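Here the structure comes first, spelled out in C-alpha coordinates, and everything after it is commentary.
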Amino acid sequence: FLSRIEDKGLLSKVCDAKTAAKMFNPGDIIGISGFTPCGYPKITMHELAERMKETPFQVDIWTGASTGSQIDTELVAVNGIRNRMPYQTNANLRKAINAGKVNYYDLHLSHVAQQVRAGFFTNVKGEHVTGPDFAVVEVCKIGPNGELYPTTAIGNSPVYVDTAKKVIVEVNTTQPLDLVGMADIYMRKNPPFCEPIPILHAGDRVGTPYIPCDPSKIVAIVPCDMPDVTRALAPLDDDAEAMGNNLVDFLKNEVKHGRLPENLLPLQSGVGNVANAVIHGLVESDFQNLSVYTEVIQDGMVDLIDKDKIDMISGTSLSPSPDGLKRFYANIQKYNKKIVLRPQEISNNGEVVRRIGVIGMNTALEMDIYGHVNSTHVTGTKLMNGIGGSGDFARNAFLSCFFCHSTTKGGKISAVVPMCSHVDHTEHDTHVFISEQGVADVRGLTPKERAKVIINNVAHPSFRDQLMDYYERACAACGNSQTPHLLKEAFKFHESLAETGDMHFKK
Ligand code: 0RQ
(Lines give C-alpha, C1' and ligand atoms only; values in the text may rest on other atoms or scores of the structure.)
Protein backbone atom coordinates (compact mmCIF):
# COMPACT_ATOMS: atom_id res chain seq x y z
CA PHE A 1 0.00 0.00 0.00
CA LEU A 2 2.60 2.61 1.07
CA SER A 3 4.70 2.00 -2.05
CA ARG A 4 1.69 3.21 -4.09
CA ILE A 5 2.04 6.69 -2.54
CA GLU A 6 4.96 8.28 -4.38
CA ASP A 7 4.40 11.78 -2.95
CA LYS A 8 6.07 11.08 0.39
CA GLY A 9 4.89 14.44 1.72
CA LEU A 10 1.42 12.90 1.81
CA LEU A 11 2.30 9.95 4.04
CA SER A 12 1.17 11.92 7.11
CA LYS A 13 -2.38 11.87 5.66
CA VAL A 14 -2.63 8.07 5.78
CA CYS A 15 -5.41 6.96 8.11
CA ASP A 16 -8.00 4.22 8.36
CA ALA A 17 -11.45 4.48 6.81
CA LYS A 18 -13.21 5.02 10.13
CA THR A 19 -11.09 8.12 10.77
CA ALA A 20 -11.76 9.40 7.23
CA ALA A 21 -15.51 8.79 7.59
CA LYS A 22 -15.55 10.99 10.71
CA MET A 23 -14.47 13.98 8.61
CA PHE A 24 -17.87 14.33 6.90
CA ASN A 25 -20.46 16.69 8.34
CA PRO A 26 -24.25 16.42 8.10
CA GLY A 27 -25.44 18.10 4.91
CA ASP A 28 -22.11 17.76 3.11
CA ILE A 29 -22.04 17.17 -0.62
CA ILE A 30 -19.78 14.24 -1.43
CA GLY A 31 -18.65 13.77 -5.05
CA ILE A 32 -17.34 10.27 -5.61
CA SER A 33 -15.36 8.39 -8.22
CA GLY A 34 -16.79 5.44 -10.08
CA PHE A 35 -19.15 4.77 -12.94
CA THR A 36 -21.22 1.57 -12.70
CA PRO A 37 -19.91 -0.72 -9.93
CA CYS A 38 -16.32 0.01 -10.98
CA GLY A 39 -13.73 2.37 -9.56
CA TYR A 40 -15.89 3.67 -6.69
CA PRO A 41 -14.67 4.35 -3.14
CA LYS A 42 -15.64 1.40 -1.02
CA ILE A 43 -14.33 1.27 2.52
CA THR A 44 -14.76 4.96 3.38
CA MET A 45 -18.39 4.90 2.23
CA HIS A 46 -18.99 1.67 4.15
CA GLU A 47 -17.62 3.31 7.30
CA LEU A 48 -19.77 6.38 6.66
CA ALA A 49 -22.86 4.11 6.60
CA GLU A 50 -21.67 2.44 9.82
CA ARG A 51 -21.29 5.87 11.44
CA MET A 52 -24.79 6.84 10.31
CA LYS A 53 -26.18 3.73 12.03
CA GLU A 54 -24.98 5.22 15.34
CA THR A 55 -25.71 8.85 14.56
CA PRO A 56 -28.28 9.29 11.79
CA PHE A 57 -27.60 12.15 9.38
CA GLN A 58 -27.77 12.78 5.64
CA VAL A 59 -25.40 13.85 2.90
CA ASP A 60 -25.78 14.53 -0.82
CA ILE A 61 -24.07 12.02 -3.10
CA TRP A 62 -22.88 13.05 -6.55
CA THR A 63 -21.45 10.25 -8.67
CA GLY A 64 -20.45 9.38 -12.19
CA ALA A 65 -23.32 6.94 -12.72
CA SER A 66 -24.46 3.89 -10.77
CA THR A 67 -22.00 2.78 -8.08
CA GLY A 68 -21.45 -0.11 -5.69
CA SER A 69 -23.45 -1.45 -2.77
CA GLN A 70 -21.57 0.56 -0.13
CA ILE A 71 -23.21 3.68 -1.55
CA ASP A 72 -26.43 2.67 -3.27
CA THR A 73 -27.43 -0.04 -0.75
CA GLU A 74 -25.70 0.66 2.59
CA LEU A 75 -26.13 4.45 2.67
CA VAL A 76 -29.73 4.07 1.44
CA ALA A 77 -30.48 1.51 4.18
CA VAL A 78 -29.50 4.03 6.87
CA ASN A 79 -31.49 6.78 5.13
CA GLY A 80 -28.17 8.61 4.67
CA ILE A 81 -28.73 10.13 1.22
CA ARG A 82 -30.70 13.35 0.79
CA ASN A 83 -29.91 14.18 -2.86
CA ARG A 84 -28.44 11.83 -5.45
CA MET A 85 -27.34 12.47 -9.03
CA PRO A 86 -26.90 11.69 -11.94
CA TYR A 87 -27.62 7.94 -12.58
CA GLN A 88 -28.38 4.75 -10.69
CA THR A 89 -29.38 1.14 -11.31
CA ASN A 90 -29.72 -0.22 -7.78
CA ALA A 91 -33.03 -1.82 -6.71
CA ASN A 92 -32.81 -0.43 -3.14
CA LEU A 93 -32.03 3.09 -4.27
CA ARG A 94 -34.71 2.89 -6.99
CA LYS A 95 -37.24 1.93 -4.32
CA ALA A 96 -36.18 4.83 -2.09
CA ILE A 97 -36.37 7.28 -5.01
CA ASN A 98 -39.82 6.05 -6.03
CA ALA A 99 -40.97 6.31 -2.40
CA GLY A 100 -39.83 9.94 -2.30
CA LYS A 101 -37.15 9.19 0.32
CA VAL A 102 -34.19 10.20 -1.85
CA ASN A 103 -34.29 13.23 -4.15
CA TYR A 104 -32.86 12.22 -7.50
CA TYR A 105 -31.78 14.48 -10.40
CA ASP A 106 -31.63 12.68 -13.75
CA LEU A 107 -29.07 14.39 -15.97
CA HIS A 108 -27.38 13.76 -19.29
CA LEU A 109 -24.11 12.34 -18.01
CA SER A 110 -21.87 14.57 -20.10
CA HIS A 111 -23.54 17.69 -18.69
CA VAL A 112 -22.77 17.08 -15.02
CA ALA A 113 -19.24 18.51 -14.92
CA GLN A 114 -20.14 21.78 -16.63
CA GLN A 115 -23.19 22.25 -14.40
CA VAL A 116 -21.13 21.56 -11.27
CA ARG A 117 -18.51 24.14 -12.28
CA ALA A 118 -21.25 26.62 -13.19
CA GLY A 119 -22.94 26.37 -9.79
CA PHE A 120 -26.26 24.94 -10.98
CA PHE A 121 -26.67 22.80 -7.84
CA THR A 122 -27.52 23.84 -4.30
CA ASN A 123 -26.48 22.57 -0.90
CA VAL A 124 -28.70 21.73 2.07
CA LYS A 125 -29.00 25.45 2.89
CA GLY A 126 -30.27 26.19 -0.61
CA GLU A 127 -27.04 28.03 -1.57
CA HIS A 128 -25.65 27.51 -5.06
CA VAL A 129 -22.25 25.79 -4.87
CA THR A 130 -19.51 25.32 -7.45
CA GLY A 131 -18.28 21.94 -6.24
CA PRO A 132 -18.76 19.32 -3.54
CA ASP A 133 -17.50 19.64 0.03
CA PHE A 134 -15.53 16.41 -0.43
CA ALA A 135 -14.30 14.42 -3.38
CA VAL A 136 -13.75 10.78 -2.43
CA VAL A 137 -11.90 8.92 -5.14
CA GLU A 138 -10.43 5.47 -5.64
CA VAL A 139 -6.94 5.33 -7.16
CA CYS A 140 -4.37 2.64 -7.82
CA LYS A 141 -1.44 5.02 -7.18
CA ILE A 142 -0.59 8.58 -6.13
CA GLY A 143 2.25 10.15 -8.18
CA PRO A 144 5.19 12.21 -6.83
CA ASN A 145 3.22 15.48 -6.92
CA GLY A 146 -0.17 14.28 -5.74
CA GLU A 147 -1.23 13.03 -9.19
CA LEU A 148 -4.16 10.64 -8.82
CA TYR A 149 -4.06 7.55 -11.04
CA PRO A 150 -7.65 6.32 -11.33
CA THR A 151 -8.68 2.66 -11.48
CA THR A 152 -11.44 1.07 -13.53
CA ALA A 153 -13.59 4.17 -14.08
CA ILE A 154 -13.05 7.89 -14.55
CA GLY A 155 -16.62 9.25 -14.47
CA ASN A 156 -16.75 12.67 -12.84
CA SER A 157 -13.63 12.25 -10.66
CA PRO A 158 -11.66 15.01 -12.43
CA VAL A 159 -14.30 17.69 -11.88
CA TYR A 160 -15.05 16.60 -8.31
CA VAL A 161 -11.33 16.61 -7.39
CA ASP A 162 -10.87 19.96 -9.11
CA THR A 163 -13.83 21.68 -7.46
CA ALA A 164 -14.04 20.00 -4.03
CA LYS A 165 -12.91 21.78 -0.90
CA LYS A 166 -11.28 18.59 0.42
CA VAL A 167 -10.19 15.30 -1.13
CA ILE A 168 -10.16 11.81 0.41
CA VAL A 169 -8.20 9.25 -1.58
CA GLU A 170 -8.75 5.51 -1.32
CA VAL A 171 -5.73 3.58 -2.56
CA ASN A 172 -7.13 0.23 -3.65
CA THR A 173 -4.48 -2.48 -3.53
CA THR A 174 -6.68 -4.98 -5.40
CA GLN A 175 -6.54 -2.75 -8.48
CA PRO A 176 -3.51 -3.65 -10.63
CA LEU A 177 -0.84 -1.02 -11.32
CA ASP A 178 -1.12 -1.99 -14.99
CA LEU A 179 -4.17 0.28 -15.03
CA VAL A 180 -1.73 3.23 -14.99
CA GLY A 181 -1.68 4.70 -18.48
CA MET A 182 -5.20 3.76 -19.50
CA ALA A 183 -6.72 7.06 -18.39
CA ASP A 184 -6.68 10.16 -20.57
CA ILE A 185 -7.75 13.12 -18.47
CA TYR A 186 -8.66 16.21 -20.45
CA MET A 187 -9.84 19.08 -18.28
CA ARG A 188 -12.47 21.42 -19.71
CA LYS A 189 -13.34 24.99 -18.88
CA ASN A 190 -16.84 26.40 -18.93
CA PRO A 191 -18.12 28.89 -21.51
CA PRO A 192 -16.97 31.48 -22.52
CA PHE A 193 -13.52 29.87 -22.07
CA CYS A 194 -14.42 26.48 -23.52
CA GLU A 195 -12.10 25.27 -26.32
CA PRO A 196 -12.61 22.59 -28.98
CA ILE A 197 -11.84 19.08 -27.71
CA PRO A 198 -9.01 17.93 -30.03
CA ILE A 199 -10.26 14.35 -30.49
CA LEU A 200 -10.48 13.32 -34.16
CA HIS A 201 -10.44 9.53 -33.74
CA ALA A 202 -11.87 7.27 -31.02
CA GLY A 203 -8.44 6.39 -29.60
CA ASP A 204 -6.80 9.85 -29.61
CA ARG A 205 -5.06 10.76 -26.36
CA VAL A 206 -5.36 14.45 -25.56
CA GLY A 207 -4.80 14.74 -21.80
CA THR A 208 -2.74 13.35 -18.92
CA PRO A 209 -2.75 9.77 -17.57
CA TYR A 210 -3.62 11.11 -14.10
CA ILE A 211 -6.13 13.40 -12.44
CA PRO A 212 -4.33 16.57 -11.38
CA CYS A 213 -4.85 17.31 -7.68
CA ASP A 214 -3.56 20.06 -5.42
CA PRO A 215 -1.94 17.92 -2.68
CA SER A 216 -2.86 20.50 -0.02
CA LYS A 217 -6.55 19.54 -0.55
CA ILE A 218 -5.89 15.88 0.34
CA VAL A 219 -7.07 15.36 3.94
CA ALA A 220 -6.99 11.56 4.11
CA ILE A 221 -5.41 8.63 2.27
CA VAL A 222 -7.15 5.37 3.09
CA PRO A 223 -5.99 1.85 2.25
CA CYS A 224 -8.66 -0.37 0.72
CA ASP A 225 -8.50 -4.03 -0.30
CA MET A 226 -12.11 -4.50 -1.41
CA PRO A 227 -12.46 -5.40 -5.11
CA ASP A 228 -14.96 -3.97 -7.58
CA VAL A 229 -18.16 -6.02 -7.36
CA THR A 230 -19.67 -5.93 -10.84
CA ARG A 231 -23.02 -7.25 -12.02
CA ALA A 232 -23.64 -10.47 -13.91
CA LEU A 233 -25.28 -10.19 -17.33
CA ALA A 234 -28.22 -12.32 -18.44
CA PRO A 235 -27.21 -15.23 -20.69
CA LEU A 236 -27.74 -14.57 -24.39
CA ASP A 237 -31.09 -15.97 -25.52
CA ASP A 238 -32.74 -16.42 -28.93
CA ASP A 239 -34.21 -12.91 -28.83
CA ALA A 240 -30.82 -11.40 -28.11
CA GLU A 241 -29.30 -13.32 -30.95
CA ALA A 242 -32.10 -12.17 -33.28
CA MET A 243 -31.53 -8.51 -32.34
CA GLY A 244 -27.78 -8.87 -32.91
CA ASN A 245 -28.39 -10.50 -36.32
CA ASN A 246 -30.92 -7.81 -37.28
CA LEU A 247 -28.33 -5.13 -36.46
CA VAL A 248 -25.56 -6.83 -38.42
CA ASP A 249 -27.81 -7.29 -41.49
CA PHE A 250 -28.86 -3.65 -41.30
CA LEU A 251 -25.26 -2.41 -41.03
CA LYS A 252 -24.08 -4.67 -43.87
CA ASN A 253 -26.78 -3.18 -46.09
CA GLU A 254 -25.64 0.34 -45.15
CA VAL A 255 -22.06 -0.57 -46.14
CA LYS A 256 -23.28 -2.18 -49.38
CA HIS A 257 -25.02 1.06 -50.35
CA GLY A 258 -22.06 3.26 -49.39
CA ARG A 259 -23.75 4.98 -46.45
CA LEU A 260 -21.18 3.57 -44.02
CA PRO A 261 -17.52 2.65 -44.51
CA GLU A 262 -16.52 -1.03 -44.42
CA ASN A 263 -15.23 -0.80 -40.88
CA LEU A 264 -18.35 1.20 -39.92
CA LEU A 265 -18.01 4.29 -37.71
CA PRO A 266 -17.15 4.38 -33.99
CA LEU A 267 -19.73 2.34 -32.09
CA GLN A 268 -21.49 3.31 -28.88
CA SER A 269 -23.51 0.85 -26.92
CA GLY A 270 -25.63 1.45 -23.85
CA VAL A 271 -25.80 -0.45 -20.61
CA GLY A 272 -27.63 -3.67 -19.71
CA ASN A 273 -28.44 -7.06 -21.12
CA VAL A 274 -29.80 -5.88 -24.45
CA ALA A 275 -26.79 -3.65 -25.15
CA ASN A 276 -24.38 -6.45 -24.38
CA ALA A 277 -26.32 -8.88 -26.57
CA VAL A 278 -26.24 -6.46 -29.49
CA ILE A 279 -22.46 -6.15 -29.31
CA HIS A 280 -22.31 -9.94 -29.31
CA GLY A 281 -23.88 -9.83 -32.79
CA LEU A 282 -20.93 -7.74 -33.98
CA VAL A 283 -18.46 -10.12 -32.32
CA GLU A 284 -19.86 -12.94 -34.47
CA SER A 285 -19.94 -10.81 -37.66
CA ASP A 286 -17.34 -10.34 -40.44
CA PHE A 287 -16.73 -6.68 -39.60
CA GLN A 288 -13.06 -5.84 -38.99
CA ASN A 289 -11.00 -2.87 -37.74
CA LEU A 290 -13.90 -1.51 -35.73
CA SER A 291 -13.57 1.29 -33.20
CA VAL A 292 -15.68 2.15 -30.19
CA TYR A 293 -16.51 5.56 -28.68
CA THR A 294 -18.81 4.76 -25.82
CA GLU A 295 -19.20 5.21 -22.08
CA VAL A 296 -19.38 1.70 -20.63
CA ILE A 297 -17.12 -1.13 -21.75
CA GLN A 298 -19.04 -4.38 -21.16
CA ASP A 299 -18.05 -8.00 -21.88
CA GLY A 300 -18.96 -7.85 -25.57
CA MET A 301 -16.31 -5.16 -26.11
CA VAL A 302 -13.66 -7.37 -24.50
CA ASP A 303 -14.79 -10.17 -26.86
CA LEU A 304 -14.22 -7.79 -29.80
CA ILE A 305 -10.60 -7.31 -28.63
CA ASP A 306 -10.15 -11.08 -28.18
CA LYS A 307 -11.43 -11.69 -31.71
CA ASP A 308 -8.99 -9.05 -33.01
CA LYS A 309 -11.82 -7.01 -34.51
CA ILE A 310 -11.13 -3.75 -32.77
CA ASP A 311 -8.62 -0.94 -33.29
CA MET A 312 -9.43 1.18 -30.25
CA ILE A 313 -12.06 1.48 -27.52
CA SER A 314 -12.77 4.78 -25.77
CA GLY A 315 -15.01 4.81 -22.71
CA THR A 316 -15.27 6.18 -19.21
CA SER A 317 -15.64 2.90 -17.37
CA LEU A 318 -14.99 -0.79 -17.54
CA SER A 319 -18.17 -2.49 -16.53
CA PRO A 320 -17.72 -6.15 -17.28
CA SER A 321 -19.53 -9.01 -15.54
CA PRO A 322 -17.61 -10.66 -12.66
CA ASP A 323 -16.21 -13.22 -15.15
CA GLY A 324 -15.43 -10.46 -17.65
CA LEU A 325 -13.52 -8.54 -14.98
CA LYS A 326 -11.43 -11.63 -14.14
CA ARG A 327 -10.65 -12.04 -17.84
CA PHE A 328 -9.70 -8.36 -18.07
CA TYR A 329 -7.32 -8.52 -15.08
CA ALA A 330 -5.75 -11.78 -16.32
CA ASN A 331 -4.88 -10.23 -19.71
CA ILE A 332 -4.62 -6.59 -18.74
CA GLN A 333 -1.45 -5.95 -20.72
CA LYS A 334 -3.24 -6.95 -23.91
CA TYR A 335 -6.36 -4.89 -23.15
CA ASN A 336 -4.76 -1.73 -21.78
CA LYS A 337 -3.19 -0.94 -25.17
CA LYS A 338 -6.60 -0.95 -26.83
CA ILE A 339 -8.60 0.97 -24.22
CA VAL A 340 -8.66 4.68 -23.30
CA LEU A 341 -10.68 5.77 -20.28
CA ARG A 342 -11.85 9.41 -20.30
CA PRO A 343 -13.86 11.69 -18.03
CA GLN A 344 -17.57 11.23 -18.84
CA GLU A 345 -17.67 14.88 -19.88
CA ILE A 346 -15.44 13.81 -22.79
CA SER A 347 -16.47 10.17 -23.42
CA ASN A 348 -20.06 11.32 -23.92
CA ASN A 349 -19.41 14.77 -25.32
CA GLY A 350 -21.83 15.80 -28.05
CA GLU A 351 -19.14 17.79 -29.86
CA VAL A 352 -16.90 14.72 -30.25
CA VAL A 353 -19.77 12.28 -30.85
CA ARG A 354 -20.97 14.39 -33.76
CA ARG A 355 -17.48 15.08 -35.16
CA ILE A 356 -16.34 11.46 -35.32
CA GLY A 357 -19.80 10.24 -36.37
CA VAL A 358 -20.78 7.70 -33.74
CA ILE A 359 -23.26 4.88 -34.36
CA GLY A 360 -25.40 5.18 -31.21
CA MET A 361 -27.01 1.99 -29.91
CA ASN A 362 -29.23 2.47 -26.88
CA THR A 363 -32.07 0.61 -25.24
CA ALA A 364 -35.69 1.67 -24.91
CA LEU A 365 -38.13 0.66 -22.20
CA GLU A 366 -40.90 1.67 -24.59
CA MET A 367 -41.23 3.51 -27.87
CA ASP A 368 -44.26 4.91 -29.55
CA ILE A 369 -45.56 4.47 -33.04
CA TYR A 370 -44.09 7.86 -34.04
CA GLY A 371 -40.57 7.12 -32.77
CA HIS A 372 -40.36 8.78 -29.35
CA VAL A 373 -38.51 6.74 -26.74
CA ASN A 374 -38.96 6.24 -23.02
CA SER A 375 -35.74 4.96 -21.44
CA THR A 376 -36.37 5.86 -17.84
CA HIS A 377 -39.91 5.59 -16.44
CA VAL A 378 -41.98 2.43 -16.13
CA THR A 379 -45.56 3.35 -17.13
CA GLY A 380 -44.57 6.99 -17.02
CA THR A 381 -44.27 7.36 -13.26
CA LYS A 382 -41.73 5.02 -11.66
CA LEU A 383 -38.06 5.65 -12.31
CA MET A 384 -36.21 2.63 -13.65
CA ASN A 385 -32.54 3.67 -13.93
CA GLY A 386 -32.15 7.13 -15.44
CA ILE A 387 -31.28 8.57 -18.83
CA GLY A 388 -27.57 7.92 -18.39
CA GLY A 389 -25.59 8.65 -21.50
CA SER A 390 -28.30 7.59 -23.91
CA GLY A 391 -29.34 11.19 -24.62
CA ASP A 392 -25.75 12.39 -25.02
CA PHE A 393 -25.29 9.87 -27.81
CA ALA A 394 -28.76 9.62 -29.35
CA ARG A 395 -29.08 13.34 -30.09
CA ASN A 396 -25.58 13.66 -31.55
CA ALA A 397 -25.02 10.28 -33.23
CA PHE A 398 -24.48 9.97 -36.97
CA LEU A 399 -26.88 7.05 -36.80
CA SER A 400 -29.09 6.67 -33.72
CA CYS A 401 -30.38 3.13 -33.15
CA PHE A 402 -32.69 1.97 -30.35
CA PHE A 403 -33.18 -1.64 -29.30
CA CYS A 404 -35.74 -3.48 -27.21
CA HIS A 405 -37.55 -6.75 -26.80
CA SER A 406 -40.93 -6.29 -28.54
CA THR A 407 -42.67 -7.47 -25.35
CA THR A 408 -41.71 -8.02 -21.73
CA LYS A 409 -43.19 -9.64 -18.59
CA GLY A 410 -44.31 -12.80 -20.33
CA GLY A 411 -45.63 -11.02 -23.43
CA LYS A 412 -48.09 -8.85 -21.49
CA ILE A 413 -46.30 -5.52 -21.97
CA SER A 414 -45.74 -4.16 -25.47
CA ALA A 415 -42.60 -2.11 -26.05
CA VAL A 416 -44.46 -0.28 -28.84
CA VAL A 417 -47.35 1.85 -27.59
CA PRO A 418 -49.52 4.58 -29.16
CA MET A 419 -47.94 7.34 -27.04
CA CYS A 420 -44.93 7.03 -24.73
CA SER A 421 -45.86 7.47 -21.08
CA HIS A 422 -42.63 9.49 -20.62
CA VAL A 423 -40.29 10.84 -23.31
CA ASP A 424 -36.49 10.85 -23.02
CA HIS A 425 -35.60 10.81 -26.71
CA THR A 426 -37.82 12.56 -29.19
CA GLU A 427 -38.77 11.50 -32.71
CA HIS A 428 -36.03 13.90 -33.87
CA ASP A 429 -33.30 11.85 -32.14
CA THR A 430 -34.16 8.37 -33.40
CA HIS A 431 -33.30 6.79 -36.75
CA VAL A 432 -33.55 3.02 -36.49
CA PHE A 433 -35.48 0.70 -34.15
CA ILE A 434 -34.54 -2.93 -33.73
CA SER A 435 -36.35 -5.67 -31.84
CA GLU A 436 -36.18 -9.45 -32.20
CA GLN A 437 -39.02 -9.01 -34.74
CA GLY A 438 -37.08 -6.88 -37.20
CA VAL A 439 -35.79 -3.44 -38.12
CA ALA A 440 -37.72 -0.19 -38.54
CA ASP A 441 -35.57 2.24 -40.49
CA VAL A 442 -37.45 5.52 -40.02
CA ARG A 443 -34.84 7.88 -41.46
CA GLY A 444 -36.44 10.43 -43.72
CA LEU A 445 -39.97 9.26 -42.92
CA THR A 446 -42.89 11.40 -41.79
CA PRO A 447 -44.61 10.47 -38.51
CA LYS A 448 -47.42 8.70 -40.36
CA GLU A 449 -44.95 6.70 -42.49
CA ARG A 450 -42.95 5.86 -39.37
CA ALA A 451 -45.99 4.50 -37.55
CA LYS A 452 -46.61 1.84 -40.20
CA VAL A 453 -42.96 0.74 -40.34
CA ILE A 454 -42.63 0.57 -36.54
CA ILE A 455 -45.89 -1.36 -36.06
CA ASN A 456 -45.17 -3.84 -38.87
CA ASN A 457 -41.45 -4.41 -38.24
CA VAL A 458 -40.75 -3.94 -34.54
CA ALA A 459 -43.96 -4.48 -32.57
CA HIS A 460 -44.89 -8.00 -31.50
CA PRO A 461 -47.48 -9.63 -33.83
CA SER A 462 -49.88 -10.06 -30.89
CA PHE A 463 -50.08 -6.25 -30.49
CA ARG A 464 -50.04 -5.20 -34.17
CA ASP A 465 -53.82 -5.19 -34.69
CA GLN A 466 -54.41 -3.08 -31.57
CA LEU A 467 -51.71 -0.59 -32.64
CA MET A 468 -52.87 -0.38 -36.26
CA ASP A 469 -56.47 0.06 -35.15
CA TYR A 470 -55.43 2.99 -32.92
CA TYR A 471 -53.36 4.53 -35.72
CA GLU A 472 -56.06 4.26 -38.37
CA ARG A 473 -58.78 5.67 -36.14
CA ALA A 474 -56.43 8.48 -35.05
CA CYS A 475 -55.75 9.36 -38.72
CA ALA A 476 -59.48 9.45 -39.43
CA ALA A 477 -60.28 11.50 -36.33
CA CYS A 478 -57.48 14.06 -36.89
CA GLY A 479 -58.11 14.48 -40.59
CA ASN A 480 -54.63 13.09 -41.40
CA SER A 481 -52.85 15.74 -39.32
CA GLN A 482 -49.05 15.60 -39.03
CA THR A 483 -49.05 13.33 -35.94
CA PRO A 484 -52.50 11.81 -35.42
CA HIS A 485 -53.59 10.90 -31.90
CA LEU A 486 -56.76 10.08 -30.02
CA LEU A 487 -55.93 11.96 -26.85
CA LYS A 488 -58.55 10.19 -24.76
CA GLU A 489 -57.20 6.79 -25.81
CA ALA A 490 -53.48 7.45 -26.12
CA PHE A 491 -52.69 5.70 -22.81
CA LYS A 492 -55.23 2.88 -23.11
CA PHE A 493 -52.41 0.30 -23.31
CA HIS A 494 -51.06 1.59 -19.97
CA GLU A 495 -54.51 1.77 -18.40
CA SER A 496 -55.19 -1.79 -19.41
CA LEU A 497 -51.87 -2.86 -17.86
CA ALA A 498 -52.78 -1.12 -14.60
CA GLU A 499 -56.26 -2.67 -14.56
CA THR A 500 -55.64 -6.23 -15.79
CA GLY A 501 -51.85 -6.68 -15.75
CA ASP A 502 -51.88 -7.01 -19.55
CA MET A 503 -51.69 -4.46 -22.39
CA HIS A 504 -53.86 -6.73 -24.55
CA PHE A 505 -57.48 -5.65 -24.30
CA LYS A 506 -60.78 -6.36 -26.04
CA LYS A 507 -62.18 -3.67 -28.32
O1 0RQ B 1 -37.27 -6.32 -15.79
O2 0RQ B 1 -35.28 -6.72 -14.43
O3 0RQ B 1 -37.55 -7.44 -13.66
O4 0RQ B 1 -36.42 -8.61 -15.59
O5 0RQ B 1 -36.98 -3.72 -17.41
O6 0RQ B 1 -35.14 -4.92 -19.22
O7 0RQ B 1 -35.06 -6.11 -21.37
O8 0RQ B 1 -33.49 -6.88 -19.49
O9 0RQ B 1 -33.19 -4.69 -20.74
O10 0RQ B 1 -31.21 -4.76 -19.09
O11 0RQ B 1 -31.06 -3.85 -21.41
O12 0RQ B 1 -32.36 -2.61 -19.61
C13 0RQ B 1 -33.79 0.66 -20.73
C14 0RQ B 1 -33.66 -0.29 -18.42
C15 0RQ B 1 -33.09 -1.70 -20.41
C16 0RQ B 1 -31.54 0.16 -19.70
C17 0RQ B 1 -33.04 -0.27 -19.81
C18 0RQ B 1 -38.24 -4.36 -17.62
C19 0RQ B 1 -37.87 -5.77 -18.03
C20 0RQ B 1 -36.73 -6.06 -17.09
C21 0RQ B 1 -34.77 -4.61 -17.90
P22 0RQ B 1 -36.57 -7.36 -14.79
P23 0RQ B 1 -34.20 -5.77 -20.20
P24 0RQ B 1 -31.87 -4.03 -20.19
C25 0RQ B 1 -25.51 4.25 -21.35
C26 0RQ B 1 -26.85 4.37 -21.88
C27 0RQ B 1 -31.21 3.99 -19.85
C28 0RQ B 1 -29.84 4.52 -19.81
C29 0RQ B 1 -29.03 4.24 -21.00
C30 0RQ B 1 -31.40 1.60 -19.20
C31 0RQ B 1 -36.01 -4.70 -17.01
O32 0RQ B 1 -30.92 0.04 -20.95
O33 0RQ B 1 -31.41 1.85 -18.02
O34 0RQ B 1 -29.46 3.74 -22.02
N35 0RQ B 1 -31.26 2.57 -20.16
N36 0RQ B 1 -27.81 4.58 -20.87
O37 0RQ B 1 -38.96 -6.64 -17.85
C38 0RQ B 1 -42.18 -2.31 -17.65
C39 0RQ B 1 -41.72 -1.77 -19.89
C40 0RQ B 1 -40.48 -2.47 -19.78
C41 0RQ B 1 -40.18 -3.04 -18.53
C42 0RQ B 1 -38.54 -3.43 -19.95
N43 0RQ B 1 -42.09 -1.21 -21.04
N44 0RQ B 1 -42.53 -1.71 -18.82
N45 0RQ B 1 -41.00 -2.96 -17.48
N46 0RQ B 1 -38.96 -3.64 -18.69
N47 0RQ B 1 -39.46 -2.74 -20.63
C48 0RQ B 1 -25.33 3.59 -19.98
C49 0RQ B 1 -25.14 4.53 -18.82
O50 0RQ B 1 -25.50 5.62 -18.88
C51 0RQ B 1 -24.42 4.03 -17.59
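The structure presented is a predicted model; accordingly, all values stated were derived computationally and were not measured. For ligands, and for the atoms within them, numbers begin at 1 and follow the listed sequence.
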Nearest neighbour in protein (non-hydrogen) for atom 43 (N) of ligand 1 = L365 O, 3.1 Å

Residues D469, R473: salt bridge by 4.0 Å N-O rule = yes

task = Determine the minimum heavy-atom distance between P191 and C194, stating which atoms define it.
result = N-CB, 4.0 Å

Option with minimal heavy-atom separation from atom 27 (C) of ligand 1, where the choices are G386, G388, G360, A275 = G386

query = Could an N or O of ligand 1 be found under 3.5 Å from any N or O of Y87, whether backbone or side chain?
reply = yes

key: Closest candidate by heavy atom, reference atom 45 (N) of ligand 1, pool V378, V416, T316   = V378

remark   = When distances are taken from atom 21 (C) of ligand 1, the protein heavy atom at minimum range is M384 CE, 3.9 Å

request  = Would you check if the distance from the ring center of H485 to the ring center of Y370 is below 6.0 Å?
outcome  = yes

ask   = So which heavy atom on C38 is nearest to which on S319, and how close?
value = SG-CA, 4.0 Å

ask   = Which residue and non-hydrogen atom of the protein lie closest to atom 10 (O) of ligand 1, and at what distance in Å?
value = N273 N, 3.2 Å

inquiry  = Just to confirm my output: which protein heavy-atom neighbour is closest to atom 40 (C) of ligand 1, and how far is it?
reply    = T408 CG2, 3.6 Å

message = I need the contact type for F393 against ligand 1. Using non-hydrogen atoms and a strict under-4.0 Å cut-off, is it side chain, backbone, both or neither?
response = neither

message = Pairs of nitrogen or oxygen atoms closer than 3.5 Å, one from E366 and one from ligand 1: do any exist?
response = no

query = If you measure from atom 26 (C) of ligand 1 to every heavy atom of T294, N362, N276, which option wins on shortest distance?
reply = N362

task = Note the single closest protein heavy atom to atom 23 (P) of ligand 1, along with its residue, its atom name and the distance in Å.
result = V274 CG2, 4.3 Å

Nearest protein heavy atom under 4.0 Å from atom 2 (O) of ligand 1, yes or no = no

ask   = Do ligand 1 and G389 have nitrogen or oxygen atoms that lie under 3.5 Å from each other?
value = yes

remark   = Nearest heavy-atom contact between S110 and D392 is OG-OD1, 2.7 Å

task = Report the nearest protein non-hydrogen atom to atom 49 (C) of ligand 1: residue, atom name, distance rounded to 0.1 Å.
result = E295 OE2, 2.2 Å

key: Contact (N/O only, under 3.5 Å) between N385 and ligand 1   = yes

request  = From the options D106, I387, T363, select the one whose nearest heavy atom is closest to atom 13 (C) of ligand 1.
outcome  = T363

Atom 20 (C) of ligand 1: the protein heavy-atom neighbour that sits closest, reported with distance to 0.1 Å = K409 NZ, 4.1 Å

message = Among residues at least two apart in sequence or on other chains, which ones pass side-chain hydrogen bond (donor to acceptor under 3.5 Å, both in side chains) with E170?
response = T44

